[in-house]
Amino acid sequence: MSDSVVHLHKDTEPATVTTLTVVPDPVPAPPVPLWVRSGRAIKTAVTHEKTTTTARAVARHSLYVAGGARIAARRTWDGRTTARYERYMRAAEAAGNMEAAAEWEERAQRFRDARHRRRMDLLHSPVDAAKGALVGTGMGIGGLVALGVVLAIANKDVSDVITPIAAVIEFIALLIRIVQIVWGPALTIGPFLALLALWAVGSKQHAAPAWALPANTRSSEGEPITPSIVVKALRDLGVAPLRGAIKEMGDAGASMLGPIRIAGCGVEVDVTLPSGVSTNEVQKRRRKLAENLTRHEHEVFITIPQAARTVRLWIADSGALDEPIGPSPLVTDDTLKADYAKGRAPWGQDLRGDAAALSLYQRHLLITGLSNQGKTAALRSLALWLALDRSVEFLMGDLKGAGDWAMFDGLARMLIQGPTDEHVIEVTEMVEGAVVEMNRRLQAPPGTKFPPLIVLVDEAQVAFMCPAQDEDKRPYGGSKATSRYFMAVRKIHNQGRAVNVLMWQGTQDPTDQNLPKLVREGAHTRASLALGTESQARMALGDKAVDGGAAPNLLRPGLDKGTVVVASDGIEIPAGQASITVRTHYISTDDAKEIAARAKALRDGVTTLHVIERGEERDPLADIASVVGTAARVRTMDVLTRLTAINGDAYGKWSFIDLKRVLDGTGAEPYKSDGVMVIGRDRLARALTNRDDEGSASADG
């Protein structure tokens with residue numbers, strides 16, 4: 001049993017005490033005085049959207065009446081006085097057009113003479129009116145009496161003599177009673193009808209300040225384009241001589257303007273600038289002019305027509321350029337055919353809404369723009385149309401390799417797709433093969449006709465920037481005399497047009513490095529989508545087009561996809577302009593495949609090569625069979641062209657004699673069909689079979 005100690009004394013150490021902190025209640029906010037609360041409520045009510053909308057509507061319709069009265073008074077004053085003629089006279093003098101000023105002065109004098117004659121006639125008109133009234137009354141009474149006599153004789157009743165007069169008197173009495181009844185209400189309603197008429201005039205002309213107009217009229221729809229709107233926009237451009245000249249013209253600055261014409265989804269007007277104001281001063285203020293017209297910058301286009309000191313303004317309906325155009329005729333018309341020499345490719349619509357068609361006959365083509373703006377689609381639509389002409393042949397290089405041109409497999413003689421240096425080498429040799437074919441055609445007898453050969457390279461900037469070199473240290477890319485791709489393109493540009501060998505190129509984001517000057521200036525048709533700077537626009541279209549108003553750098557990247565500015569004599573351009581803006585039709589890849597299928601059906605069959613075959617050892621008979629493909633027969637000239645495309649080194653200098661030499665004794669010799677020399681597919685197949693059989697027999701022996 002263990003002992004335990006029990007402490008009996010009380011623990012004297014104090015216990016732990018918990019201190020409680022009392023947090024006082026927050027001081028209540030002082031009461032907001034009643035006048036403050038009332039002011040806030042009034043402010044909220046006054047600034048509420050419904051209140052401002054209602055107030056704006058009330059002000060707008062009230063101001064429509066005042067504006068309509070002002071317009072009606074102005075029209076009345078102009079019609080009764082020579083104020084209009086004097087304004088036009090001052091405008092013509094300010095513009096330095098003294099002939100127009102003299103003409104307006106003569107018109108004013110004729111108006112004064114006519115007005116004087118009318119006033120002099122008023123001096124004699126009361127007497128003449130009284131005489132006329134007396135004569136008319138007498139003749140009227142006489143006529144009624146005569147009518148009454150006829151009635152009395154017919155009815156054998158003398159009282160009928162006064163019947164017509166009595167009837168007229170009753171009719172006059174009826175009119176007086178009607179006037180008495182209507183007069184009171186007319187006096188009451190008349191002022192309201194007059195106010196309604198003034199309101200209608202003001203509403204039609206939007207005769208109210210901009211802040212009072214509806215939001216859609218102020219922003220989305222834009223102001224209607226009237227002469228006064230255009231003159232105000234020009235006056236506020238910030239060009240001092242222009243502003244001073246318009247001020248001297250008074251309110252008749254609109255005399256600078258030609259007629260405002262409906263042009264597609266907008267209007268067009270020619271502006272003759274006053275002396276001392278140059279056209280480029282207006283051109284370089286395009287954004288400010290557009291905003292003065294309540295439009296976005298891309299909705300106003302400024303071009304320079306042939307007339308001196310004149311700018312042509314095309315002003316779109318607000319938002320109209322954001323609406324898509326219709327589908328391409330290539331998609332909607334299955335029967336559409338192409339004609340390389342005489343036809344025009346349906347490319348899209350111009351800004352006026354008219355169809356824009358491009359002639360491709362003997363014209364080298366260059367199209368450029370920023371990435372992802374629709375360059376390939378715009379270029380491909382031209383190639384698809386041309387493919388519907390069965391006489392046209394294609395050599396194609398797609399240096400992007402994303403399958404955008406895959407539908408031409410079975411249409412093009414050669415289709416190289418890929419972005420690598422190896423693909424650039426293949427494309428370069430393809431273009432060099434076209435040069436060999438061009439030289440062969442140039443050395444043919446005069447008068448020889450050749451089928452069109454389109455050498456198309458998309459993403460050509462990849463070729464110009466390629467660093468690869470051949471075994472002789474010659475670069476494939478670059479812009480020097482030793483650069484293989486550059487020199488091949490230049491040779492085709494120089495002489496290919498004469499024998500229907502044409503170079504088409506698509507590039508992006510042009511610079512002097514990826515689009516050399518000599519190459520871009522060698523294209524007959526130059527088109528550009530949206531670009532970043534004016535210097536790029538000059539590279540794409542040339543100085544003449546840009547100085548004449550072409551501005552692809554002002555197109556909106558991403559929003560104006562497929563819109564191209566074109567400088568070419570192959571498209572109809574308004575007189576005096578150096579370029580035209582076209583909104584191209586978009587053809588999807590699926591639709592492109594269907595169009596390509598129609599083009600393939602027009603041909604007997606095309607074998608598309610995807611690589612350049614190299615090597616010294618060639619099998620001419622097999623190569624001839626491969627280029628003939630599935631066609632029943634092919635002209636010997638076409639066979640030579642296709643052989644050159646396969647290997648320019650081996651077949652570039654071949655003539656008909658070389659072709660005949662290879663085929664003699666094989667049973668596949670050229671023969672005449674429909675007046676031209678051709679090579680038959682079946683004969684070639686038998687020749688190859690016989691040769692293989694002979695080779696097998698020799699091996700067995």
Donor-acceptor pairs under 3.5 Å, side chain of residues 564-573 to any protein atom, not counting sequence neighbours: which ones?
residue : atom : partner : partner atom : Å
Ser568  : OG   : Thr525  : OG1          : 2.7
Ser568  : OG   : Gly570  : N            : 2.8
Asp569  : OD1  : Arg363  : NE           : 2.9

Is Trp183 reaching over with its side chain to a backbone N or O of Ile178, donor-acceptor style, under 3.5 angstrom? no
Is the shortest heavy-atom distance from the side chain of Lys232 to the side chain of Ile246 under 4.5 Å? no
Less than 4.5 Å apart, side chain to side chain, heavy atoms only: is that true for Ser381 and Leu379? no
How close do Pro510 and Leu515 get, counting heavy atoms only, and between which atoms? CB-CD2, 3.8 Å
Give a yes or no on whether the backbone of Gly532 and the side-chain of Gln536 come within a donor-acceptor separation of less than 3.5 Å. yes
Between Glu170 and Ala167, is there a donor-acceptor pair closer than 3.5 Å when you use the side chain of the first and the backbone of the second? no
With sequence neighbours excluded, what pairs up with Asp560 under the side chain to side chain donor-acceptor pair (under 3.5 Å) test? Arg556
Look only at the side chain of Arg380 and the backbone of Ile587, and say whether a donor-acceptor pair between them is shorter than 3.5 Å. yes
Measure the CG-CG distance between Leu358 and Leu365 for me, rounded to the nearest 0.5 Å. 7.0 Å
Just verifying a value: how many Å separate Leu559 CG and Gln373 CD, rounded to the nearest 0.5 Å? 9.0 Å
Do Met256 and Leu234 touch side chain to side chain, with heavy atoms closer than 4.5 Å? yes
Do you know which two heavy atoms are closest between Ala378 and Trp347, and how far apart they sit? O-NE1, 3.0 Å
Indicate yes or no for a side-chain donor-acceptor contact from His585 to the backbone of Gly326 under 3.5 Å, with no hydrogens or angles considered. yes
Do Thr279 and Thr310 have side chains that approach each other closer than 4.5 Å (heavy atoms only, starting at C-beta)? no
CA sep, side-chain torsions, deciding dist, call: Arg583, Asp350, salt bridge (Lys or Arg N to Asp or Glu O under 4.0 Å): CA-CA 6 Å; Arg583 303 173 70 197; Asp350 62 17; over 6 Å; no
Flag if over 12 foreign heavy atoms under 6.0 Å of CZ, Arg115: yes
Ignoring hydrogens and angles, tell me if any N or O in the side chain of Thr507 forms a donor-acceptor pair with the backbone of Thr368 under 3.5 Å. no
Can a side-chain donor-acceptor contact be found between Asn280 and Ser278 if the only test is distance below 3.5 angstrom? yes
Contact summary for Leu366 and Ala523, nearest pair of heavy atoms: CB-CB, 3.7 Å
Less than 4.5 Å apart, side chain to side chain, heavy atoms only: is that true for Asp270 and Leu257? no
Without placing hydrogens or testing angles, list every side-chain donor-acceptor pair under 3.5 Å for residues 537-553, not counting sequence neighbours.
residue : atom : partner : partner atom : Å
Arg538  : NE   : Glu534  : OE2          : 3.2
Arg538  : NH1  : Asp543  : OD1          : 3.2
Arg538  : NH1  : Asp547  : OD1          : 3.2
Arg538  : NH2  : Glu534  : OE2          : 2.9
Arg538  : NH2  : Asp547  : OD1          : 3.0

Taking the side chain as everything from C-beta on, heavy atoms only, tell me whether Arg243 gets closer than 4.5 Å to Asp236. yes
Taking CD in Glu105 as the centre, count heavy atoms belonging to other residues, nucleotides or ligands within less than 6.0 Å. Is the count above 12? no
Verify, without hydrogens or angle tests, whether Trp199 (side chain) and Gly68 (backbone) share a donor-acceptor contact under 3.5 angstrom. no
Taking NZ, NE, NH1 and NH2 as the nitrogens, is one of them in Glu103 or Arg107 under 4.0 Å from a carboxylate oxygen of the other? yes
Nearest 0.5 Å, please: how far is CG in Leu237 from CZ in Arg286? 13.5 Å
Quick one: does any side-chain atom of Arg295 pair with a main-chain N or O of Val300 as donor and acceptor, under 3.5 Å? no
Min side-chain heavy-atom separation Phe301-Leu313 under 4.5 Å: no
